Amino acid sequence: MAKHSEELGALLSELKRRSGRNYEWIGRRVNASKSTVHRYCTGRTIPVEFGTLERIARLCGADNEEIARLFRLWEGANVPPSGTGPADAPLNDGQPASTPERPAGNPAGPESPPEPPEHEPSAHGTATPGASGPQAGRGRRSLRTALGLGPGPRRRRRGAALAAVLLFLGTAGAAVVVTALPDQDAAVAGPAAHPLGRPLTAGGDWALSAVFSADGQLMATSNRDGEVALWDVTDRASPRRLALELTGPQAGVTTVAFSPDGRTLAGGDWQGNVWLWDVTDRRKPTSAGQALTGHTKPVWSVVFSTDGRTLATGSDDRTVRLWDLAGSGTPRQTAQLSGDTTYVTSVAFSPDDRILAGGGNGDTILLWDVSDRHAPRRLPPGPATPTPAYAVAFAPSKPAPTTDGPARTTDGRPPAAASRVLAVGEADGSVQLWNLDDAARPRLLAGPLRGHTNRIWSLAYSPDGRTLATGGFDAAIRLWDVSDPARPKPLSHPLTGHNGWVLSVRFAPDGHTLASAGIDRTTRLWSVP
């Protein structure tokens with residue numbers, strides 16, 4: 001641990017030297033004292049929250065590779081005692097926990113001696129010859145860096161490094177500083193949403209995902225320790241955990257999704273595996289999952305096509321992969337989609353299954369024509385986003401019914417949607433709505449919708465497409481009336497209760513229940529008007 005903290009301090013100190021800035025200048029911009037910045041740059045103390053170090057490094061002109069190296073060193077050096085940290089902090093009306101710093105290498109030891117006086121140029125002084133100033137523009141970071149998530153074994157012993165878990169999570173605060181956005185609560189109208197019952201805990205660590213089956217009677221949750229649990233949610237106010245735990249993953253299961261027929265549960269973990277469980281018999285589902293391999297880094301998003309025959313997965317390895325689930329035997333990969341230097345954190349099929357969208361750490365939304373699942377075609381650059389768009393979701397479409405039920409094309413898919421509306425959640429906490437009727441020429445319908453004060457990590461439409469839910473790193477959940485996509489407006493006041501980042505929001509099929517999961521280890525159910 002001491003080695004990690006020393007190397008971390010050396011890297012941070014080199015970045016500072018290269019920038020020509022002094023401790024006071026840096027401290028003012030990251031809301032810290034110059035002595036605190038000095039302690040970080042000497043490796044004497046390590047902040048619990050990686051975002052603090054990232055902000056300092058970005059100010060000093062660090063590139064993505066240096067940020068990634070800094071994250072690995074921070075993860076190895078951050079050694080809080082067992083039982084501490086944001087996951088164990090008491091709930092505080094939905095406000096994120098504070099993030100104190102810890103002495104490097106020996107949390108139980110004496111305080112570090114005071115730092116020597118610094119001999120630095122003034123805050124407005126001249127940079128040292130040959131040093132480069134801070135880079136302009138926003139930097140792009142990997143999902144693990146941005147969220148502070150990282151692979152690794154379960155850690156429970158005192159002195160064991162606290163694995164930062166999700167794609168972009170730090171520990172209790174945000175990995176990116178964003179400007180506070182104007183709140184739109186004054187425009188809220190309508191009845192308020194409210195909690196249902198008590199928060200649910202399934203043991204383990206951060207709750208990373210929660211999703212309902214198609215009939216709304218079953219809910220699956222996953223957490224940072226690789227545990228996947230099933231809940232009987234017939235009684236929304238009093239869910240009952242089923243005895244059988246779904247096994248297979250050895251590390252955090254970042255996301256889970258039910259197939260449209262409810263017979264299969266898919267999950268992705270941060271070791272790069274995609275897991276499939278047969279949950280046809282809910283009294284005794286197949287506990288051991290089937291692993292699909294191919295991704296080389298954490299899988300952040302899994303989504304079924306609306307016909308249930310294809311699974312799309314997005315990963316930190318900068319690829320999206322398509323898996324054929326229609327054939328007999330083991331599902332097989334039919335396509336690997338790449339071509340961008342972006343980490344993919346969210347993927348979504350359009351209602352007609354013809355367009356696949358991907359969000360992540362890039363400057364634009366990724367779009368593919370997947371009409372031919374074996375030969376997808378990359379579309380021209382999708383919607384440009386001012387900040388990284390980590391979450392994407394298509395509004396559901398209701399094809400015109402026929403006497404024989406919903407209309408279908410000859411290949412069994414729904415007909416082309418009258419309107420493809422894509423919701424995009426961004427790192428600055430805003431939401432945009434795009435019309436993709438002509439996917440080659442995206443058209444902005446509305447946005448930015450402002451209210452969150454930190455990045456949006458998850459968003460979901462209600463089944464009727466009239467409500468959009470967004471979960472953010474500001475510990476809040478917001479509901480939006482999007483019945484008219486060109487004129488969205490806030491619906492109800494923010495839902496608070498999570499003590500830290502909200503990592504997952506999903507509606508039940510009835511559209512009146514919302515599940516949320518967060519780093520406070522809880523899954524919560526909400527009644528939505």
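Since we're looking at a predicted model, the values are computed, not measured. FYI, the numbering just counts along the sequence from 1.
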Stepwise side chain to side chain donor-acceptor pair (under 3.5 Å) test for W323 and T310:
CA-CA 6 Å; W323 308 86; T310 303; over 6 Å; no
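- Side-chain N or O atoms of D353 include none that pairs as donor or acceptor with a backbone N or O of S305 at under 3.5 Å.
- Atom CG in L325 sits 7.5 Å away from atom CG in L292 (nearest 0.5 Å).
- In this structure, S222 contributes its side chain and T254 its backbone to no donor-acceptor pair below 3.5 Å.
- The neighbour count for R282 CZ, taken as heavy atoms of other residues, nucleotides or ligands under 6.0 Å away, is above 12.
- In terms of heavy atoms, A193 sits closest to L495 at CB-CD2, 3.6 Å.
- Here the side chain of S315 pairs a donor or acceptor atom with the backbone of P298 at under 3.5 angstrom.
- Taking CD1 from I477 and OG1 from T496, the interatomic distance works out to 9.0 Å, rounded to the nearest 0.5 Å.
- Here CG of L514 is found 6.5 Å from CG of L479. Values are rounded to the nearest 0.5 Å.
- In terms of heavy-atom proximity, Y390 sits nearest to S346 at O-CB, 3.2 Å.
- In this structure, R58 CZ and L70 CG are separated by 10.0 Å, a value rounded to the nearest 0.5 Å.
- By the salt bridge (charged side-chain N to carboxylate O under 4.0 Å, His left out) test, R69 pairs with no residue at all, sequence neighbours left out.
- A distance of 12.0 Å separates CZ in R524 from CG in L196, rounded to the nearest 0.5 Å.
- Proximity of V279 to T286: side-chain heavy atoms (C-beta onward) are nowhere separated by under 4.5 Å.
- Side chain of S504 to backbone of S516: no donor-acceptor contact under 3.5 angstrom is found.
- Under the rule for a side-chain contact (heavy atoms from CB on, under 4.5 Å), the partners of D481 that lie at least two apart in sequence or sit in another chain are S483, K489, L491.
- In this view, E66 and R18 satisfy the salt bridge (charged side-chain N to carboxylate O under 4.0 Å, His left out) rule, not counting sequence neighbours.
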Carefully, step by step, assess F212 and L525 under the rule side chain to side chain contact (heavy atoms under 4.5 Å, CB included).
CA-CA 11 Å; F212 293 95; L525 297 183; 3.9 Å; yes
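- Scanning all heavy atoms of the two residues, the minimum distance from A312 to V347 falls at O-CG2, 3.9 Å.
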Run the side chain to side chain contact (heavy atoms under 4.5 Å, CB included) check on I67 and E54 step by step: do they pass?
CA-CA 7 Å; I67 293 294; E54 184 179 14; 4.1 Å; yes
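- Among all heavy-atom pairs drawn from P396 and P463, the shortest one is CG-O, 3.3 Å.
- Looking only at side-chain heavy atoms (C-beta outward), V256 and L265 come within less than 4.5 Å of each other.
- Panel note: side chain D520, backbone N499; a donor-acceptor pair is recorded below 3.5 Å.
- Of all non-hydrogen atoms in L367 and A357, the two that sit nearest each other are CD2-CB, 3.7 Å.
- Looking at L436 and V421, their side chains never come closer than 4.5 Å, going by heavy atoms from C-beta outward.
- No side-chain heavy atom of H498 sits under 4.5 Å from any side-chain heavy atom of I519.
- Side-chain contact annotation: T313 with H295, donor-acceptor N/O pair under 3.5 Å present.
- At a cut-off of 3.5 Å, with distance as the only test, no side-chain donor of T334 or D324 sits close to an acceptor on the other residue.
- At least one side-chain heavy atom of L246 sits less than 4.5 Å from a side-chain heavy atom of L230.
- Put simply, the side chain of E227 does not reach to within 4.5 Å of the side chain of V253, judged on heavy atoms.
- The structure places CG of L379 at 13.0 Å from CD1 of I365, a figure rounded to the nearest 0.5 Å.
- Every pair passing salt bridge (charged side-chain N to carboxylate O under 4.0 Å, His left out) that includes a residue from residues 500-515 is listed here, sequence neighbours excluded: R236-D510.
- Within the 3.5 Å criterion, the main-chain N or O of V424 finds no donor-acceptor partner in the side chain of E426.
- In terms of the side-chain contact (heavy atoms from CB on, under 4.5 Å) criterion, residue partners of T264 (sequence neighbours excluded) are, by chain and number, S259, L276, F304.
- The backbone N or O of T296 sits less than 3.5 Å from a side-chain atom of D317, completing a donor-acceptor pair.
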Kindly determine whether T470 and H452 satisfy side chain to side chain donor-acceptor pair (under 3.5 Å), including the steps that lead there.
CA-CA 9 Å; T470 55; H452 285 285; 2.7 Å; yes
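- Between F394 and R420 there is a side-chain heavy-atom pair separated by less than 4.5 Å.
- Within the 3.5 Å criterion, the main-chain N or O of V528 finds a donor-acceptor partner in the side chain of H512.
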Derivation of the side chain to side chain contact (heavy atoms under 4.5 Å, CB included) call for Q290 and T330:
CA-CA 9 Å; Q290 177 183 9; T330 303; 3.3 Å; yes
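- W434 contributes no side-chain N or O that, together with a main-chain N or O of G382, makes up a donor-acceptor pair within less than 3.5 Å.
- Contact record, P47 with W74: O-NE1, 2.8 Å, taken as the closest heavy-atom pair.
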Would you please test T513 and F507 for side chain to side chain contact (heavy atoms under 4.5 Å, CB included) and show each step?
CA-CA 6 Å; T513 305; F507 279 96; over 6 Å; no
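- Contact annotation: the side chain of L242 approaches that of D232 to within less than 4.5 Å [non-hydrogen atoms, C-beta and beyond].
- Not one N or O on the side chain of D464 forms a donor-acceptor pair closer than 3.5 Å with the backbone of G511.
- Remark: A393 pairs with L459, Y461 by the side-chain contact (heavy atoms from CB on, under 4.5 Å) rule, at least two apart or across chains.
- Taking 4.0 Å as the cut-off between side-chain N and carboxylate O, R377 and D369 count as a salt-bridged pair.
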Can W275 and D269 be said to form a side chain to side chain donor-acceptor pair (under 3.5 Å), step by step?
CA-CA 8 Å; W275 296 90; D269 70 22; 2.9 Å; yes
